[in-house]
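Order of the sequence lines sets the chain letters (A, B, ...), proteins ahead of strands, with each chain counted from 1. Bear in mind that the values here come from a model prediction, so they are computed numbers and not experimental data.
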Number of protein chains: 2
Amino acid sequence: MPKKVDHQERRTLIADALMRVAAERGLEAVSLRHVAAEAGVSAGMVQHYFATKDEMMTFAMAVVRDRSQVRVTEAIARLCTTPPPRLLTRTLIAALLPLDEQSRGDARVALAFLAYAAARPDAVARDDSTDLLSFVAGLLPTPDARTAARGLLALMEGLGLYLISGKYSAEQALAVLDAHLDRLFAAGENA
Amino acid sequence: MPKKVDHQERRTLIADALMRVAAERGLEAVSLRHVAAEAGVSAGMVQHYFATKDEMMTFAMAVVRDRSQVRVTEAIARLCTTPPPRLLTRTLIAALLPLDEQSRGDARVALAFLAYAAARPDAVARDDSTDLLSFVAGLLPTPDARTAARGLLALMEGLGLYLISGKYSAEQALAVLDAHLDRLFAAGENA
DNA sequence: CCGTTTACATTGCAGTTGCATCGTAACCAC
DNA sequence: GTGGTTACGATGCAACTGCAATGTAAACGG
């Protein structure tokens, strides 16, 4: 077993470089050589860790997803135990929104990947959003909670788009989210 | 003035071909030659009508935007004069949603363009969404109508994303929209 | 010390890209 | 007709693409 190197570490290092290129110059600027240059390694090394470009893209996609997962987990962990449903919901959604510059870069890449995967049905990864939907639905007090949860998630995605494009500021997005939660939780308590 | 040809017509013909390529094989498959082949013309002709690829992309982007504009106008024109605000709002938003297969293709292309323009600040077109925001805000009976309108538009964009990816069906999307409008207009009437 | 396995780096190749250039045919004013 | 302008088509080119092939250095088992 010669020359021990942490494969996972190298792959994420390359994936990070890929995301930097994609965030700054768009997904179409992502090539083996560009990513290698951004990572400060040779193109051959990239090929050593990813047999094909698609494999590299898929891996980077998974990294983006994992990062957002971590953001959510950390944000919720920062809460007290057994927080009220509304606070938990708000924290969860806010953690998924690209509010700071770093997560905005991630979201830009995620958007590019979305468009990339739209025409590549095989590269589309597993669907983890049904779990999220069920979880959010469980938090909402409204009748037909699943429909309300779908609406909340759609609102989140839309806010993400507007945040990326700079059309809404972080404050505006949060104001919209809070107003929506006002309506959701007010309606539920009355019923 | 030799050889009269309708420039606008040729350009839209090429743009249509571009959108077909983008919808079927992704934006990255859009090249001068592919578009030319799809349009059934020579690559030289494409160059004749678009000096650069970016110019072609920008034009196609404008065509997509115009088409959605037309869809909205037609849907509203199909309504009776002076419809109630809620119906008008619903019709407007529904017309912007990619509910059928044709508009879903358009939306896919629009999404790809969004990602394309995210890293190309110069190619971004004029912002026509502020007019839309003001218009929708004028329809809503809620206090802080602009925030509510922002939420509604964000919801629409998010629903569009989920419709494109096939995660929500058209019926589900409309159910979400109606539930949201229920809350918006109920809250306003109570206030 | 030796062979094998891993970890790269280099080079090359066929294909594609956007675009410039050049040629030519059509049309119209005169 | 002639000249000029427009509308293409054909060709070429430098740059780039993903990827295969090949090389080499290092670490370890024996």
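- Among the protein residues, Val30(B) comes within range of the sugar-phosphate backbone only, with heavy atoms under 4.0 Å from sugar or phosphate atoms but none that close to a base.
- To the nearest angstrom, P of dG18(C) lies 14 Å from CD of Glu55(B).
- Between the C1' atom of dT16(C) and the CG atom of Leu32(B) lies a distance of 11 Å, rounded to the nearest Å.
- Between the side chain of Lys167(A) and the main chain of Leu159(A), no donor-acceptor pair closer than 3.5 Å is present.
- Here the C1' atom of nucleotide dC16(D) and the CZ atom of Arg25(A) are 13 Å apart, to the nearest Å.
- The separation between Met57(A) atom CE and dT17(D) atom C1' is 13 Å, rounded to whole Å.
- Across dG9(D), dA7(D), dA9(C), the shortest atom-to-atom separation from the side chain of Val5(B) is found for dA7(D).
- Between His7(B) and dA7(D), a side-chain N or O to OP1/OP2 separation shorter than 4.0 Å is present.
- Computed from coordinates, the Gln47(B) CD to dG18(C) P distance equals 9 Å when rounded to whole Å.
- For the pair Arg33(A) CZ and dG12(C) C1', the computed distance is 10 Å after rounding to whole Å.
- Checking the phosphate oxygens (OP1, OP2) of dT17(C), a side-chain nitrogen or oxygen of His34(B) falls inside 4.0 Å.
- Remark: Arg150(A) qualifies as a cation-pi partner of Tyr168(B) under the 6.0 Å distance and 45° angle criteria applied to the six-membered ring.
- Phosphate proximity of dA7(C) to His48(A): present, with a side-chain N or O under 4.0 Å from OP1 or OP2.
- Considering only side-chain N and O atoms, Arg10(B) lies nowhere under 4.0 angstrom from the phosphate OP1 or OP2 of dA7(D).
- Taking 4.5 Å as the limit, every side-chain heavy atom of Arg146(B) sits out of range of all side-chain heavy atoms of Leu140(B).
- Partner Leu152(A) forms a side-chain contact (heavy atoms from CB on, under 4.5 Å) with one of Leu92(A), Thr142(A), Val136(A) and no other, that one being Val136(A).
- When all heavy atoms of Leu139(A) and Pro85(A) are compared, the closest pair comes out as O-CB, 3.6 Å.
- Neither OP1 nor OP2 of dT16(C) sits under 4.0 Å from any side-chain N or O of Ser31(B).
- Each of Ala29(A) and Ser42(B) lies near DNA chain D, and the nucleotide nearest Ser42(B) is the one positioned closer to the 5' end.
- Atoms CG (Leu18(B)) and P (dT17(C)) sit 13 Å apart, rounded to a whole Å.
- Rounded to whole Å, the distance from CG on Asp54(A) to C1' on dT17(D) is 14 Å.
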